[in-house]
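Scroll down for the structure; my scribbles are underneath it.
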Amino acid sequence: MKIMSIDYGDTRTGIALCDEKEILASSYCVLTEKYVPKLIDRIIEIVDKENPGLIVIGLPRNMDGSYGFRAEKCRDFGKSLQDKISLPVDYEDERLTTVIAHDILSANNVKGKKRKSVVDAVSAVVILQDYIDKRKKCN
């Protein structure tokens, strides 16, 4: 099944998709809409175009595993999205995904404005790849 992941942020929101066989996650885009209802509308446009069977939202946790303000904000976002679509929404721990995304971009010599514009999409890829890898282990 095609799965879409969302790395929700106040300024930029990264989107990634995986293939039907759930093997490889790939970046799709970065949305720069800050107003949540409009951001949800943009995400719904992507859902309508790409037809994923599931949406995974990155859930920020503190390093000790606890949930903070940002996690609650992501859950609220997920509920708002869930109210508008008929797809299941799941969450994936996103601890250190931005650090991993920066490491990937550094290894590929992506710097400056280019890095800032894609880091959220790469984070969404890391979130989704972790999610699909865990699904494989459970099956």
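Note that the coordinates shown come from a computational prediction; the quantities given were computed from them, not determined experimentally.
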Legend entry - Salt bridge present between Asp133 and Lys137 (N-O < 4.0 angstrom): no
Legend entry - Taking every non-hydrogen atom, the tightest pair across Leu87 and Gln82: O-NE2, 2.7 Å
Legend entry - Co-membership, hydrophobic cluster, residues Tyr28 and Val89, 4.5 Å side-chain: yes
Legend entry - Full working for side-chain contact (heavy atoms from CB on, under 4.5 Å) between Glu50 and Met4: CA-CA 9 Å; Glu50 298 298 331; Met4 183 170 95; 5.9 Å; no
Inset, instruction - Can you measure from CG (Leu81) to CD1 (Ile40) and round to the nearest 0.5 angstrom? - result: 5.5 Å
Inset, instruction - Treat each ILVMFWY residue as a node, draw an edge where side-chain heavy atoms are under 4.5 Å apart, and state whether Val125 and Leu54 are in one component. - result: no
Inset, instruction - Hey, could you give me the SG/CZ distance between Cys29 and Arg42, rounded to the nearest 0.5 Å? - result: 7.0 Å
Inset, instruction - Not counting sequence neighbours, which residues clear ring pair (Phe, Tyr, Trp, His ring centres under 6.0 Å) with Phe77? List them please. - result: Tyr8
Inset, instruction - Locate the shortest heavy-atom distance separating Ala71 from Pro60; write the atom from each residue and the value. - result: CB-O, 3.1 Å
Legend entry - Worked verdict on Asp130 versus Lys134 for salt bridge (Lys or Arg N to Asp or Glu O under 4.0 Å): CA-CA 6 Å; Asp130 286 349; Lys134 286 179 187 170; 5.9 Å; no
Inset, instruction - Count the heavy atoms of every other residue, nucleotide or ligand shown that sit under 6.0 Å from NZ of Lys38, and state whether that count exceeds 12. - result: no
Legend entry - Straight-line distance of Tyr131 OH to Glu22 CD, nearest 0.5 Å: 8.5 Å
Legend entry - Nearest-0.5 Å distance that lies between atom CD1 in Ile3 and atom CG in Leu128: 6.0 Å
Inset, instruction - Give a yes or no answer on whether the side chain of Glu33 reaches the backbone of Thr11 with a donor-acceptor pair at less than 3.5 Å. - result: no
Legend entry - Common cluster, Ile43/Leu17, ILVMFWY with side-chain heavy-atom separation under 4.5 Å: yes
Legend entry - Full working for side-chain contact (heavy atoms from CB on, under 4.5 Å) between Ile46 and Leu31: CA-CA 11 Å; Ile46 296 168; Leu31 302 174; 4.2 Å; yes
Legend entry - Side-chain touch Val47/Pro52, heavy atoms, less than 4.5 angstrom: yes
Inset, instruction - Evaluate the side-chain proximity of Arg70 to Asp10: yes if any heavy-atom separation is below 4.5 Å, no if none is. - result: yes
Legend entry - Atom pair CD1/CG of Ile127 and Asp7 - distance to nearest 0.5 Å: 4.0 Å
Inset, instruction - With side-chain contact (heavy atoms from CB on, under 4.5 Å) as the test, would you mind laying out the steps for Gln129 and Ile132 before giving the verdict? - result: CA-CA 5 Å; Gln129 193 66 53; Ile132 61 178; 3.5 Å; yes
Inset, instruction - Output the distance between atom CG (Asp19) and atom CE (Met1), rounded to the nearest 0.5 Å. - result: 12.0 Å
Legend entry - Side-chain donor or acceptor of Ser5 paired with backbone N/O of Ala124 under 3.5 Å: yes
Legend entry - pair Ile6-Ile15: side-chain heavy atoms closer than 4.5 Å: yes
Inset, instruction - Kindly work out whether a path of hydrophobic side-chain contacts (I/L/V/M/F/W/Y, heavy atoms less than 4.5 Å apart) joins Val36 to Ile44. - result: yes
Inset, instruction - Provide the closest heavy-atom pair for Tyr91 versus Lys79 in the form atom of the first, atom of the second, distance. - result: OH-N, 4.0 Å
